[in-house]
Amino acid sequence: MTSDRTMSELFDKIVSLCKQRGIIFQSSEIYGGLSATYDYGPLGVELKRNVKEHWWQSMVYQNDDIEGVDAAILMHPKTWEASGHTEAFNDPLIDDKASGNRYRADELIEDYIRDLRSDGEEEQAADVHERLVEALNAGDDMPEALHAIIMEEEIPAPDSGAFDWTDVRQFNLMFETHMGPLKEEGSRLFLRPETAQGIFVNFRNVQEPTRQHVPFGIAQIGKAFRNEIVARQFVFRMREFEQMEMQYFVKPGTQDEHFERWKADRMEWHRSLGIDPDNLRYHEHEQLSHYADQAFDIQYNFPIGWKELEGIHSRTDFDLQRHAEYSGKNLTYYDPFEQEKYIPYVVETSVGLDRTVLMLLCDAYYEEEVRGDTRSVLRFHPEIAPIRAAIFPLVKKEGLPEIAHDIEADLRKHFNVKYDERGSMGKRYRRMDEAGTPFCITVDFDTKEDNTVTVRDRDSMEQDRVAIDQLATYIFDKSRNWTLE
RNA sequence: GCGGGUGUAGCUCAGUGGCUAGAGCAUCUGCUUGCCAUGCAGAAGGUCGUGAGUUCGAAUCUCAUCACCCGCUCCA
């Protein structure tokens, strides 16, 4: 109990630090904010870009058999019929006012029919079933038709036993929009609820020009949109979010070995970000999605509990099969070596970019007592830190700022750096600690004599004396070899 | 969406019907300072989430609305 509370206090601290330091803040704040949307500030965008860069590097550049794409957010509406989203993301829901629980109206009626049957009320069951089918096909009138059945049959709530229902409301988790300025029925489109479909529909478009053979993968980073019923917990669950996905196409029957490979690889990637391994774990899905034959999540121990960060799913040939069916195009792959034809199976790795950023913030944040004072630090891996190094003149006179500016200009060629001459040294160090800057370079009076500066380490607060012309190398080496102590 | 809670300065919060709404931290300026939130002096920053109502008078009471937090459900 106490630990839950401290944990949520920690979460609050991170949220407020994000606002204060310009990392992440609520979107459209001056208009009162927009629910579950957040903007990345100057430091946040750097962090996010570094994460993307690191992912792209490890996926696309480190693997000869993985190609990148950047598909449009707007896709042909048939895409979502084929993927199953039009159906699966579209539920008629009803609330029990007594318990506050929510149910799917159609399932409620189905359960009711089952009960009638087991009570031997065959005739009534058949009648209700007929009306249910009718209601489900009533199009826009479906919610009202379902509600009418529940009211007429006086179906009580399964948990509370109460008969105190709200209206049946249609929840569509996909964002709707229109193609073209005229809002006609035929122009209705959706903002993609996942990036994966942009990869599947382009299977041929990527495979042919790149001359890739199965097994091979397609990677993509991009935005997706979902009208979540409950979108909360800072950037953990947003209505507009960014995914980093790789779909790996394999020969049917080999999916298990590839699944195991990616499952291991992806865990390793998170560790490479400097995340504490104790805060990462696998979680197997008990209930599989309509498209999957195996599904594991990688979870992170957020201050708000263990939560899903990445999904590794064995998606079978469901997606390609369906797109072949709905588009009428042949998506069969011909294996020139084995001289056989098949629709490839897919192993998917799909990680939330915003969740990764949140994980990094949570994992990096720590406080310690230094001389009776609290020091707050974001201990990012130096290679993903928003600012790699800060340059300070010890005092802002006697030529020190000029030397510091020269160093700044030189280091800018390699890293994102920041110059600061305001306030005391102590304050400047602490400011950079909160921004997660791993190195602070100070130009002092000795610099004028021997062209060396001090480099202060964020984590240990210890200083090294380094020659100015060795600074870039020093930072590169220290960054590459950085580990969580 | 439903139930419960919250909304006052950039951040954390005090103020609960009555003078020009405050504190700490942060920010800015000047001096001081010479490697871990230094000291002194000063400044800026708020139509009290928004809108309406009650009242002689509203940050404070009422209603609506928006946002956030905690639970219920789903996912990246």
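Each chain gets a letter, A, B and so on, in the order the sequences are listed, and its residues count up from 1.
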Nearest-neighbour nucleotide for the [X] side chain, [options] considered:
| X | options | value |
| --- | --- | --- |
| Ser35(A) | A67(B), A37(B), G34(B) | A67(B) |
| Thr442(A) | A37(B), C35(B), C36(B) | C35(B) |
| Ser16(A) | A76(B), U12(B), C35(B) | U12(B) |
| Arg422(A) | U29(B), C11(B), C35(B) | U29(B) |
| Glu398(A) | A76(B), C36(B), G34(B) | G34(B) |
| Arg465(A) | G34(B), C75(B), C35(B) | C35(B) |

(Q) Both Arg430(A) and Gly352(A) contact RNA chain B. Taking the nearest nucleotide for each, which residue is further toward the 5' end? (A)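 Upstream on the strand: Arg430(A).
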Q.
By nearest heavy atom, map Gln20(A) and Leu394(A) onto RNA chain B; which one lands nearer the 5' end?
A.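 The residue closer to the strand's 5' end, by nearest nucleotide, is Gln20(A).
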Using a heavy-atom cut-off of 4.0 Å across all strands, would you classify [X] as base, sugar-phosphate, or nothing?
| X | result |
| --- | --- |
| Leu309(A) | sugar-phosphate |
| Gln463(A) | base |
| Phe445(A) | base |
| Thr454(A) | base |
| Phe234(A) | sugar-phosphate |
| Thr195(A) | nothing |
| Lys397(A) | base |
| Glu434(A) | base |

Please give the distance between the [atom1] atoms of [N] and [M] as a whole number of Å.
| N | M | atom1 | result |
| --- | --- | --- | --- |
| A23(B) | G15(B) | P | 15 Å |
| G45(B) | G34(B) | C1' | 32 Å |
| U6(B) | U60(B) | P | 15 Å |
| G39(B) | U12(B) | C1' | 25 Å |
| G49(B) | A41(B) | C1' | 36 Å |
| C48(B) | A59(B) | C1' | 4 Å |
| G18(B) | U33(B) | P | 49 Å |
| G53(B) | A14(B) | C1' | 28 Å |

Which whole-number value in Å describes the distance from [X] [atom1] to [N] [atom2]?
| X | N | atom1 | atom2 | result |
| --- | --- | --- | --- | --- |
| Lys19(A) | A26(B) | NZ | P | 18 Å |
| Asp444(A) | C36(B) | CG | P | 12 Å |
| Met461(A) | C35(B) | CE | P | 15 Å |
| Gln26(A) | G7(B) | CD | C1' | 12 Å |
| Glu421(A) | C35(B) | CD | C1' | 16 Å |
| Arg315(A) | A76(B) | CZ | P | 8 Å |
| Arg458(A) | C35(B) | CZ | P | 23 Å |
| Ile221(A) | A76(B) | CD1 | C1' | 14 Å |

Q) Is it true that Arg114(A) and Asp111(A) have a side-chain N and a carboxylate O under 4.0 angstrom from each other? A)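 Yes, charged N to carboxylate O under 4.0 Å.
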Q | Salt-bridge present (Glu421(A), Arg428(A); N to O < 4.0 Å) | A |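 Not counted as a salt bridge, because no side-chain N and carboxylate O are separated by less than 4.0 Å.
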Would you mind pulling out the nucleotide paired to [N], Watson-Crick or G-U wobble, both distances under 3.5 Å?
| N | result |
| --- | --- |
| U29(B) | A41(B) |
| C72(B) | G1(B) |
| C61(B) | G53(B) |
| C36(B) | none |
| C19(B) | none |
| U6(B) | A67(B) |

Taking atom types as they are modelled, is there a donor-acceptor pair under 3.5 Å from the base of [N] to the side chain of [X]?
| X | N | value |
| --- | --- | --- |
| Arg456(A) | C36(B) | yes |
| Arg355(A) | C75(B) | yes |
| Arg226(A) | C74(B) | no |

Charged tip of [X] within 45° of [Y] ring normal and under 6.0 Å:
| X | Y | answer |
| --- | --- | --- |
| Arg266(A) | Trp262(A) | no |
| Lys48(A) | Tyr40(A) | yes |
| Lys307(A) | Tyr300(A) | no |
| Arg226(A) | Phe175(A) | no |
| Arg456(A) | Phe439(A) | no |

Q.
Just N and O in the side chain of Arg431(A): are any of them under 4.0 Å from OP1 or OP2 of U27(B)?
A.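 Yes, Arg431(A) has a side-chain N/O under 4.0 Å of OP1/OP2 on U27(B).
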Nucleotide N/O to protein N/O under 3.5 Å, stretch nucleotides 38-44 of chain B:
from	atom 1	to	atom 2	distance (Å)
U38(B)	OP2	Ser424(A)	OG	2.8

**Q.** Enclosure of Arg281(A) CZ (heavy-atom neighbours >12, cutoff 6.0 Å)
**A.**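 It does: Arg281(A) CZ has more than 12 such atoms within range.
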Q) Using the benzene-type ring in the case of Trp, are the ring centres of Phe249(A) and Tyr345(A) under 6.0 Å apart? A)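 That pair fails the under 6.0 Å test.
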Q) How about Phe296(A) and His283(A): are their ring centroids closer than 6.0 Å? A)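 Between Phe296(A) and His283(A), the centre distance exceeds or equals 6.0 Å.
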Q | Minimum-distance pair of heavy atoms, taken over all atoms of Arg192(A) and Ala72(A) | A |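 Residues Arg192(A) and Ala72(A), closest heavy atoms: NH1-O, 3.4 Å.
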Q.
Looking at A37(B) and Tyr429(A): do their rings stack (centroid distance under 5.5 Å, interplanar angle under 30°)?
A.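 The ring of Tyr429(A) is not stacked on A37(B).
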